[in-house]
S.K.: 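Take a look at this one; I'll ask things after.
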Amino acid sequence: MPKITPYFSKKLIAWYIQNKRELPWRNTLNPYHIWLSEIMLQQTRVSQGLPYFLKFVAAYPKIEDLANAPEDEVLKLWQGLGYYSRARNLHATAKIISEDMRGVFPNNYKDLLKLKGVGDYTASAIASISFNQPEAVVDGNVYRVLSRHFSISTPINSTTGQKEFKQLAQQLIDKDQPGTFNQAIMEFGARYCVPQNPDCENCIFNNSCVAFQQNKVAVLPVKIKTKPVKKRFFNYLVVLSENEHTVLQQRTGKGIWQKLYEFPLIETSEEINLSSLKKLPQFQTFSEKINIENISLFNEKPVIHKLSHQHLSTRFWIVETLEDKENTVPISEVKNYAVPVLIADFVSEFFENY
DNA sequence: AAACCGGGGTC
DNA sequence: GACCCAGGTTT
């Protein structure tokens with residue numbers, strides 16, 4: 001392990017005081033607000049999470065307001081932010097704190113860690129920022145700053161790497177101002193020690209950064225390769241009745257988009273045409289429940305919706321019917337449901353051409 | 001330990 | 001196309 005002196009932490013905090021962004025969760029120690037921001041910012045850039053934070057605080061000023069909201073409403077507000085288990089866990093945790101803990105937020109790392117959706121990073125962040133506990137955070141920014149400054153090549157996504165960087169961060173943390181230190185090192189990584197082409201020549205640490213001196217900035221941090229993305233083929237059946245109702249269903253079970261709404265879906269192993277679609281057992285079952293007047297393909301060219309771990313090659317089939325059966329909603333009201341961005345984009349385009 | 005879970009930005 | 005983002009949970 002490198003030798004630890006107060007030099008690094010003091011200089012980092014001095015930089016932070018001069019260069020930090022003004023963000024709404026930096027004007028408060030309210031654990032509800034800190035928690036909300038930290039959950040939203042998991043694997044999410046500040047610029048993307050910020051408008052959602054403002055929406056949630058306005059809709060749910062107190063944690064009780066969040067706890068008392070219907071889950072569908074919370075998911076709708078979360079729509080577009082991704083990783084929807086965060087929203088479900090957020091809501092469940094709000095209920096637990098509100099109903100089982102008399103609305104009092106856990107005030108230490110160990111108890112925070114027990115909350116749903118709160119792991120090592122988030123427990124440390126809340127403990128340090130809201131409760132002044134010396135618990136070091138290690139997020140993607142911290143990995144990058146530390147691996148470069150101390151030239152550590154241990155893969156950051158290995159078990160040993162996670163332990164090593166956590167231990168180093170814990171030694172570096174300023175115990176007199178742990179929350180400020182944690183935010184400072186993350187802000188420095190996000191704003192200065194950026195992944196690509198950082199301005200090392202003018203960096204305040206360029207006389208102590210080992211990676212800079214060894215010309216290894218570009219190859220740090222080291223990350224173990226990930227597997228290639230999966231390709232999937234989605235066929236959405238967009239029912240359109242004579243009075244413009246459609247069928248929406250809620251996703252259940254495992255996999256992506258749990259509890260979000262979508263049109264009836266038939267997944268295939270490859271792109272298919274209309275005659276092939278009609279022969280599928282899933283389609284046969286579907287067609288028994290509805291009197292199909294006509295089917296047409298909305299988009300000949302599939303929409304490639306890219307998730308981080310899979311590409312969804314998607315085509316929408318317009319299924320016209322005369323009847324208006326149960327469990328249908330006006331297609332103009334789909335916007336009131338929590339749907340994947342893929343579905344929201346389709347609905348927008350549908351009305352543009354309507 | 002590895003797989004899974006979104007969407008958007010950057011180069 | 002590859003990589004990254006104020007990570008956590010499940011298998």
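Each chain gets a letter, A, B and so on, in the order the sequences are listed, and its residues count up from 1.
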S.K.: Nearest whole Å is fine: how far is B:dG7 P from A:Arg86 CZ?
M.R.: 11 Å
S.K.: Do the side-chain N or O atoms of A:Gln310 get closer than 4.0 angstrom to the phosphate oxygens (OP1, OP2) of B:dC5?
M.R.: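 Result: yes.
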S.K.: Below 3.5 Å, does any donor atom in the side chain of A:Gln48 face an acceptor in the base of B:dG7, or the other way round?
M.R.: yes
S.K.: Considering only C:dC5, B:dC4, B:dG7, which nucleotide approaches the side chain of A:Pro340 most closely?
M.R.: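 Nucleotide nearest to A:Pro340's side chain: B:dG7.
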S.K.: Base, sugar-phosphate, or nothing for A:Arg21, non-hydrogen atoms under 4.0 angstrom?
M.R.: nothing
S.K.: Using a heavy-atom cut-off of 4.0 Å across all strands, would you classify A:Gln258 as base, sugar-phosphate, or nothing?
M.R.: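 Result for A:Gln258 = nothing.
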S.K.: The side chain of A:Asn197 lies closest to which of these nucleotides: C:dA6, B:dC11, B:dA3?
M.R.: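 Ranking C:dA6, B:dC11, B:dA3 by closest atom to the A:Asn197 side chain puts B:dC11 first.
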S.K.: Once you apply a heavy-atom cut-off of 4.0 Å, does A:Thr44 come out as touching a base, just sugar-phosphate, or nothing?
M.R.: base
S.K.: B:dG8 C1' sits how many Å from A:Gln79 CD, rounded?
M.R.: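 Atom CD in A:Gln79 sits about 15 Å away from atom C1' in B:dG8.
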S.K.: Taking the nucleotide of DNA chain C with the nearest heavy atom to each, does A:Ser308 or A:His311 sit closer to the 5' end?
M.R.: A:His311
S.K.: Does a nitrogen or oxygen in the side chain of A:Lys254 sit under 4.0 Å from OP1 or OP2 of C:dT10?
M.R.: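 Indeed not, no polar side-chain atom of A:Lys254 lies that close.
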S.K.: Any base atoms under 4.0 Å from A:Gly189, or only sugar-phosphate, or nothing? Heavy atoms, all strands.
M.R.: nothing
S.K.: Between A:Ser151 and A:Leu220, what is the shortest heavy-atom contact and its length?
M.R.: CA-CD1, 3.9 Å
S.K.: I'd like to know if the side chain of A:Arg21 reaches the main chain of A:Arg191, judged simply by a donor and an acceptor atom lying under 3.5 Å from each other, with no hydrogens or angles considered.
M.R.: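 No; judged by distance alone, with no hydrogens or angles, the pair does not exist.
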S.K.: So, is A:His305 close to the B:dG7 phosphate, meaning a side-chain N or O under 4.0 Å from OP1 or OP2?
M.R.: yes
S.K.: When only distance counts, do a donor and an acceptor, one from the side chain of A:Tyr83 and one from the base of B:dG6, lie under 3.5 Å apart?
M.R.: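 Yes, a donor-acceptor pair under 3.5 Å.
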S.K.: Remember a base hit wins even if backbone is also touched, and classify A:Ser47 as base, sugar-phosphate or nothing at under 4.0 Å, heavy atoms.
M.R.: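 Contact class for A:Ser47: none.
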S.K.: Starting at CE of A:Met40 and ending at P of B:dG7, how long is that distance when rounded to a whole Å?
M.R.: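 Rounded to whole Å, this separation is 15 Å.
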S.K.: Considering only the P atoms, how many Å lie between B:dC11 and C:dA6, rounded to the nearest integer?
M.R.: 14 Å
S.K.: Kindly state whether the ring of A:Phe346 and the ring of A:Phe263 have centres lying under 6.0 angstrom apart.
M.R.: yes
S.K.: CG of A:Leu312 versus P of B:dC4: gap in Å, rounded?
M.R.: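 That distance rounds to 14 Å.
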S.K.: If I take atom NZ in residue A:Lys223 and atom C1' in nucleotide C:dG7, what distance separates them, rounded to the nearest angstrom?
M.R.: 11 Å
S.K.: Need to verify one output field. Residue with the more 5' nearest nucleotide on DNA chain B, A:Ile224 or A:Gly255?
M.R.: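 Whichever sits nearer the 5' end wins; that is A:Ile224.
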S.K.: Between A:Lys11 and A:Ser208, does the side chain to side chain donor-acceptor pair (under 3.5 Å) criterion hold? Intermediate values first, please.
M.R.: CA-CA 11 Å; A:Lys11 199 162 183 175; A:Ser208 59; 5.9 Å; no
S.K.: Kindly point out which of C:dT9, B:dG6, C:dA6 is positioned nearest to the side chain of A:Leu307?
M.R.: B:dG6
S.K.: Checking contacts here: which listed nucleotide (C:dT9, C:dG1, B:dC5) is nearest the side-chain heavy atoms of A:Lys306?
M.R.: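 Comparing C:dT9, C:dG1, B:dC5 against the side chain of A:Lys306, the answer is C:dG1.
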S.K.: Are the aromatic rings of A:Phe8 and A:Phe150 close, with centres under 6.0 Å apart?
M.R.: yes
S.K.: With a 3.5 Å cut-off and heavy atoms only, can you find an N or O donor on one side and an acceptor on the other between the side chain of A:Thr122 and the base of C:dG7?
M.R.: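 Per atom types, no contact qualifies.
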S.K.: Select base, sugar-phosphate, or nothing to describe what A:Asn182 touches, counting heavy atoms under 4.0 Å on all strands.
M.R.: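 It contacts nothing in the nucleic acid.
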S.K.: Base, sugar-phosphate alone, or nothing: which one does A:Leu81 contact when heavy atoms must sit under 4.0 Å apart?
M.R.: base
S.K.: In whole angstroms, how far is the P atom of B:dG8 from the CG atom of A:Leu342?
M.R.: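 After rounding, the gap between these two atoms is 11 Å.
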S.K.: Is the shortest side-chain N/O distance from A:His309 to OP1 or OP2 of B:dC5 below 4.0 Å?
M.R.: yes
S.K.: Provide, to the nearest angstrom, the distance between the CG atom belonging to A:Leu50 and the C1' atom belonging to B:dG9.
M.R.: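 Distance check: A:Leu50 CG to B:dG9 C1' gives 16 Å.
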S.K.: Could you pull out the closest heavy-atom pair between A:Glu164 and A:Thr154, with the gap in Å?
M.R.: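 The answer is OE1-OG1, 2.8 Å.
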S.K.: Can you tell me which nucleotide in B:dC11, C:dT9, C:dC5 comes closest to the side chain of A:Arg144?
M.R.: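 Among the listed nucleotides, the one closest to the side chain of A:Arg144 is C:dC5.
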S.K.: Establish, with yes or no, whether the OP1 or OP2 oxygen of B:dC5 is under 4.0 angstrom from a side-chain nitrogen or oxygen of A:Arg88.
M.R.: no
S.K.: Output, in order, the C-alpha distance, side-chain angles, deciding distance and verdict of salt bridge (Lys or Arg N to Asp or Glu O under 4.0 Å) for A:Lys62 and A:Asp65.
M.R.: CA-CA 5 Å; A:Lys62 300 188 67 177; A:Asp65 302 320; over 6 Å; no
S.K.: Taking OP1 and OP2 of C:dC3, is either one under 4.0 Å from a side-chain nitrogen or oxygen of A:Lys225?
M.R.: yes
S.K.: Any side-chain N or O of A:Gln43 less than 4.0 Å from the OP1 or OP2 oxygen of C:dC5?
M.R.: no
S.K.: Roughly, in whole Å, what's the span from OH in A:Tyr52 to C1' in C:dC5?
M.R.: 15 Å
S.K.: For A:Trp78, which contact category applies under a 4.0 Å heavy-atom criterion: base, sugar-phosphate, or nothing?
M.R.: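 It contacts nothing in the nucleic acid.
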S.K.: Should A:Thr226 be listed as having a side-chain N or O under 4.0 Å from OP1 or OP2 of C:dC3?
M.R.: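 Answer is no, no contact under 4.0 Å.
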S.K.: I want to verify a distance call: between C:dA6, B:dG6, B:dG8, whose nearest atom is closest to the A:Trp257 side chain?
M.R.: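 For A:Trp257, the side-chain atoms sit closest to B:dG6.
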S.K.: Check the hydrophobic clustering (I, L, V, M, F, W, Y; side-chain heavy atoms under 4.5 Å; chains of links allowed) and say if A:Val239 and A:Phe234 are grouped together.
M.R.: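 No, A:Val239 does not connect to A:Phe234 through the hydrophobic network.
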S.K.: On a whole-Å scale, what distance lies between the P atoms belonging to B:dG6 and C:dT11?
M.R.: 15 Å
S.K.: So A:Val118, base contact, sugar-phosphate only, or nothing? Heavy-atom distance under 4.0 Å.
M.R.: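 Contact class for A:Val118: sugar-phosphate only.
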